[in-house]
Asks: 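Let me give you the structure first, and then I'll get to my questions.
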Amino acid sequence: MIALRPLAVLLALVALGSAARAGELTPAEKTEAQAIQSRCRADALRLCLGVRPGEGRGLACLEAQADGLSAECRASLPRARALFEKKRA
């Protein structure tokens, strides 16, 4: 289902954890990540449709396309990167 693939890309931006220890997101961070996904969904559909999900590729695609992103999504990228790096740690 092609329409779900970009959503998978966005979910890969910030993999949602379940506990508040190193490498996992707190409930508030999960909520924040979901809000970022919502703000960037249309941009991901438009600009990153062919990107294979995982390992930060979706986030990297959005970052590489920063000039073409909505202002709302572009402003969210630094926080998306910080959440991704926290989850990856």
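Predicted model, so just to flag it, every value in this text is computed and none were measured.
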Asks: Side chains of L77 and I36, heavy atoms from C-beta outward: is any pair under 4.5 Å?
Replies: no

Asks: Quick one: CD on E32 to CD on Q37, what's the gap to the nearest 0.5 Å?
Replies: 11.5 Å

Asks: What I want to find out is whether K87 reaches E24 closely enough, with some N-O distance under 4.0 Å, to be called a salt bridge.
Replies: no

Asks: With a 4.5 Å limit on heavy-atom distance, are the side chains of E29 and R79 in contact?
Replies: yes

Asks: Would you compute the distance between atom CG of L25 and atom NZ of K30 and round it to the nearest 0.5 angstrom?
Replies: 7.5 Å

Asks: Would a distance-only check, ignoring hydrogens and angles, find a side-chain to backbone donor-acceptor pair under 3.5 Å from R46 to A42?
Replies: no

Asks: To the nearest 0.5 Å, what is the distance between SG on C73 and CD on Q65?
Replies: 11.0 Å

Asks: Specify the closest pair of heavy atoms between V51 and G58, including all atoms of both residues, with the distance to one decimal.
Replies: CG1-N, 3.9 Å

Asks: Where do L69 and R74 come nearest, in terms of heavy atoms and distance?
Replies: O-NH1, 2.9 Å

Asks: Rounded at 0.5 Å granularity, tell me how far OG in S76 sits from CZ in R39.
Replies: 3.5 Å

Asks: Is there a side-chain contact between L62 and C40 in this structure, where contact means two heavy atoms from C-beta onward sitting under 4.5 Å apart?
Replies: yes

Asks: Would you say the side chain of E85 lies within less than 4.5 Å of the side chain of L59, judging by non-hydrogen atoms?
Replies: no

Asks: To check you understand the geometry: which heavy-atom pair defines the closest contact between S70 and D43, and what is its length?
Replies: OG-OD2, 2.8 Å

Asks: Would a distance-only check, ignoring hydrogens and angles, find a side-chain to backbone donor-acceptor pair under 3.5 Å from R57 to R52?
Replies: yes

